[in-house]
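Letters go in sequence order (proteins before strands), and every chain restarts at 1. Please read all numbers here as calculations on a predicted model, not as lab measurements.
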Protein chains: 2
Amino acid sequence: MASPAPTATNSPTGGRRTGASIGDVARLAGVSSQTVSRVSNGATNVLPETRRRVLDAMERLGYAPNHAARALRTGSFAAIGVVVHRLARTGESSTVDAIVDAARREGYTVNLVDVASPSPDDVTAALQRLSNQSVDGLIIVRAETATPTSLSLPARTPVVVADSRFVGHHPAVGADQVAGAAAAVQHLLDLGHRTVHLLAGPPESGPAQLRAQAWRTTLAQAGRVVPEPVQGDWSAESGYAAGRALAADDDVTAVFSANDEMATGLLHALHEAGRRVPQDVSVVGFDDIPLASHLWPPLTTVRQDFTRVGEELVRLLLEQIRSRATFVDRTVVVPAPLIVRASTAPPT
Amino acid sequence: MASPAPTATNSPTGGRRTGASIGDVARLAGVSSQTVSRVSNGATNVLPETRRRVLDAMERLGYAPNHAARALRTGSFAAIGVVVHRLARTGESSTVDAIVDAARREGYTVNLVDVASPSPDDVTAALQRLSNQSVDGLIIVRAETATPTSLSLPARTPVVVADSRFVGHHPAVGADQVAGAAAAVQHLLDLGHRTVHLLAGPPESGPAQLRAQAWRTTLAQAGRVVPEPVQGDWSAESGYAAGRALAADDDVTAVFSANDEMATGLLHALHEAGRRVPQDVSVVGFDDIPLASHLWPPLTTVRQDFTRVGEELVRLLLEQIRSRATFVDRTVVVPAPLIVRASTAPPT
DNA sequence: TGCACGCATGTTGACGTTAACACGCAGGAG
DNA sequence: CTCCTGCGTGTTAACGTCAACATGCGTGCA
């Protein structure tokens, strides 16, 4: 139980639920409001005795600084905006989790906006809603269909993008899609498979494009046949649908799925068709979701370190905010190692 | 390339990156700033001709209202704070996704805070950071160890909690844990299993307690032996560890896992031990994560409609914010139906 | 013809905070 | 003894917006 503290604020015009203000604290402590401000901001040039009196008064009144007033005065919200598409997906939520965590450590709050669709228009609208001093900077997680030029960003607002296609336009952070996908395909070739089929992500997605391209290049460089890729939409459901077709084709001995969820659907379809994994068909995924090591069989996959990506995004953004500069050429590539488990084996 | 637009703002004292203000628009349109404010807020008592001139000026200057000033003046941030623990988990991210979406439709922004641990102290600290006019209301997703009395909430701030243990203290929204868990256990008994083993969630979690309690009650009411539950921590890893013990025990023919991720680990352990699902052991999960229908075998589970929960949370919160009242006794229970798939069968 | 009323628009001031500057006093250098 | 410096603290004004009140003009009714 707290003490009563009736908060006798007179409300001449805009009578809202307002706690104690800096002025109330100043009056109680017998100092000027500026001194309270100094204490509240940790300035050093305040006598210990004065500071103590101010802190006492704050405590007594339950004072908490008004963010709006501070933001209005300083022009900084201590907040970053995060634009995300489908938060419920593993990669997205892990990245956002890391962003929120890293931001908190730096004293920043996160304003989350999701966009109905990842189209340039929707993303632009989302940015508009966050724009103009409601945040100090922006992180765009997954731009998907948007391209560097189709995106109209609020001027003077630092931006970081988790999509390497934006390299050269905005600072970007991303896992090494190309190396990861190439390693996955090469692993299957090294096991002795003649070629590798692709269960592709949606064609408008940047990462999906990069993974498909790497798959194609790796096969071509090894002089192998490049089969027609099967299209999915990242969901397990689409992986299952595609998997039924692949399972019916006895020539298919190795499949590289552009993400783990589609790989899960693929495994389902293969089991259902009675094709054994990995004896009959080897499967490699992408992402290393927490469930990957407990699927049946445990899934060989490419690990994306989403936590690291989130941290780097925040680091790069704060660097820009603090230096009041906008970098264009900074890029961080996070390694994406292949994790070999039990879903891959030589063809029999 | 955009046109130059040098934005000739004089910066007398606090020279920050500040766009056009209401005054700049007023000057350009030849009206008073109050008229601009009226247009900006959609007031009807403005002549069409005047409105057009103002809108033109806004467009020309790229004006966007300053959230800080507006919040300071009106006392409302048009923002809600969301406190979440481990965002990367399915339930959490789906709920937050729905919250963000519902909030956006109502013109509210979401401030996301994650807490390092779900302890009362950490949650209280998180609430502190969001407190006092930086948000208009709070949603606590998963309070876990916190109890209604251990939580010190900022006064005068509307709160909604996604945890039914808070019923009677704060408005709460949650899936029907008890009915869902009971249905899962009853389903297994109906199939002919003599009893049902429990793979439990962490003991400090409210939902885990409810599910365990319902499991116990359902078995007791049917006059069955109540075996010692096996403890997990929600993760697939813990489900796998627990599953190795369960798989070694031939008496175990049916397991109710308190969530789908642990059930996934359990399936892994059972496969590895050569115990067939569902012929040797039946498994029921809880949550119906997107992957549940594509696990092997497809998982019978209890569906939690996280989207619905998120929407109801926002609805209840906004109702409080708008009525400036704090309800205490409102509760919304979302049905949690059993989804029967292929991981359950009569014992053989 | 007079007066009240409605309507579009303008003027004033305050929300809570902090940057910039002013002030007064003590101590040290010339 | 004077002047300068440094330090703790106070005063002033401004950040951008909107609520409340003021103004001025045209219309309709008695």
Side-chain angles (χ1 to χ4, degrees), chain A residues 7 9-27 29-54 57-58 61-78 131-134, chain B residues 7 9-27 29-54 57-58 61-78 131-134:
Chain A
T7 319
T9 321
N10 54 343
S11 51
T13 164
R16 283 161 310 279
R17 57 182 148 81
T18 302
S21 81
I22 205 176
D24 301 330
V25 175
R27 213 166 305 119
V31 298
S32 79
S33 58
Q34 180 58 208
T35 299
V36 176
S37 171
R38 280 190 259 261
V39 171
S40 153
N41 290 298
T44 53
N45 50 347
V46 178
L47 281 188
E49 153 65 12
T50 311
R51 155 168 285 116
R52 205 191 41 70
R53 277 217 319 282
V54 170
M58 282 180 174
L61 295 170
Y63 167 79
N66 181 314
H67 286 70
R70 188 172 278 184
L72 175 59
R73 188 59 243 248
T74 64
S76 153
F77 266 74
S131 77
N132 223 350
Q133 303 126 335
S134 139
Chain B
T7 319
T9 321
N10 54 343
S11 52
T13 163
R16 282 163 309 280
R17 55 184 150 81
T18 302
S21 81
I22 207 176
D24 301 330
V25 176
R27 213 165 305 121
V31 297
S32 78
S33 58
Q34 181 58 216
T35 300
V36 177
S37 171
R38 281 190 259 261
V39 171
S40 154
N41 289 299
T44 53
N45 51 348
V46 178
L47 283 187
E49 153 66 12
T50 311
R51 156 169 284 118
R52 205 191 42 70
R53 278 218 317 282
V54 170
M58 283 181 175
L61 295 170
Y63 167 80
N66 181 314
H67 286 68
R70 187 171 278 184
L72 175 59
R73 186 62 241 253
T74 64
S76 152
F77 267 75
S131 77
N132 224 348
Q133 304 126 336
S134 137

Strictly by modelled atom types, are A:R38 and A:S33 linked by a side-chain donor-acceptor pair under 3.5 Å?
no
Considering just the side-chain nitrogens and oxygens of B:N45, establish if one lies under 4.0 Å of OP1 or OP2 belonging to C:dT9.
no
How is A:I22 classified with respect to the nucleic acid when contacts are heavy atoms under 4.0 Å: base, sugar-phosphate, or nothing?
base
With A:V54, the side-chain contact (heavy atoms from CB on, under 4.5 Å) member among A:V46, A:I22, A:V31:
A:V31
Nearest-angstrom distance from the residue atom CZ of B:R70 to P of C:dG16
19 Å
Out of D:dT17, D:dC15, C:dT9, which nucleotide sits closest to the side chain of A:L72?
D:dC15
Beyond-backbone contact of B:Q34 with B:S37, side-chain heavy atoms, under 4.5 angstrom
yes
Quickly work out the B:D24 CG to D:dT17 C1' distance and round it to whole Å.
13 Å
Is B:R73 side chain donor-acceptor paired with the C:dG16 base, going by distance under 3.5 Å alone?
no
Is the phosphate of C:dT18 approached by A:S33 (side-chain N or O, under 4.0 Å from OP1 or OP2)?
no
Closest-nucleotide ordering on DNA chain C, the 5'-leading residue of A:S40 and B:T35:
B:T35
Run the numbers on B:S40 and B:R70 for side chain to side chain donor-acceptor pair (under 3.5 Å), then give the verdict.
CA-CA 11 Å; B:S40 154; B:R70 187 171 278 184; 3.0 Å; yes
Quick check on DNA chain C: between B:L47 and B:A69, whose nearest nucleotide comes earlier from the 5' end?
B:L47
Expressed in angstrom and rounded to an integer, what is the separation of A:R51 atom CZ from D:dG8 atom C1'?
12 Å
Taking any heavy-atom pair under 4.0 Å as a contact, classify B:T50: base, sugar-phosphate, or nothing.
sugar-phosphate
Considering just the side-chain nitrogens and oxygens of B:S32, establish if one lies under 4.0 Å of OP1 or OP2 belonging to C:dT11.
no
Any heavy-atom pair between the side chains of A:L47 and A:R52 that's under 4.5 Å?
no
Assess whether one donor atom and one acceptor atom, taken from the side chain of A:R38 and the base of D:dG10, lie less than 3.5 Å apart.
yes
Counting only side-chain N and O atoms of A:T74, is one of them less than 4.0 Å from OP1 or OP2 of C:dA19?
no
May I ask you to evaluate whether B:S37 reaches the phosphate of D:dC18, defined as a side-chain N or O under 4.0 Å from OP1 or OP2?
yes
To the nearest angstrom, the NE2-P distance between B:H67 and D:dG16 comes to 15 Å
Whole-Å distance between C:dT18 P and A:N66 CG?
10 Å
In this structure, how many angstroms lie between the P atom of C:dA22 and the CD atom of A:Q34, rounded?
15 Å
B:N41 side chain N/O closer than 4.0 Å to the phosphate oxygens (OP1, OP2) of D:dC18?
yes
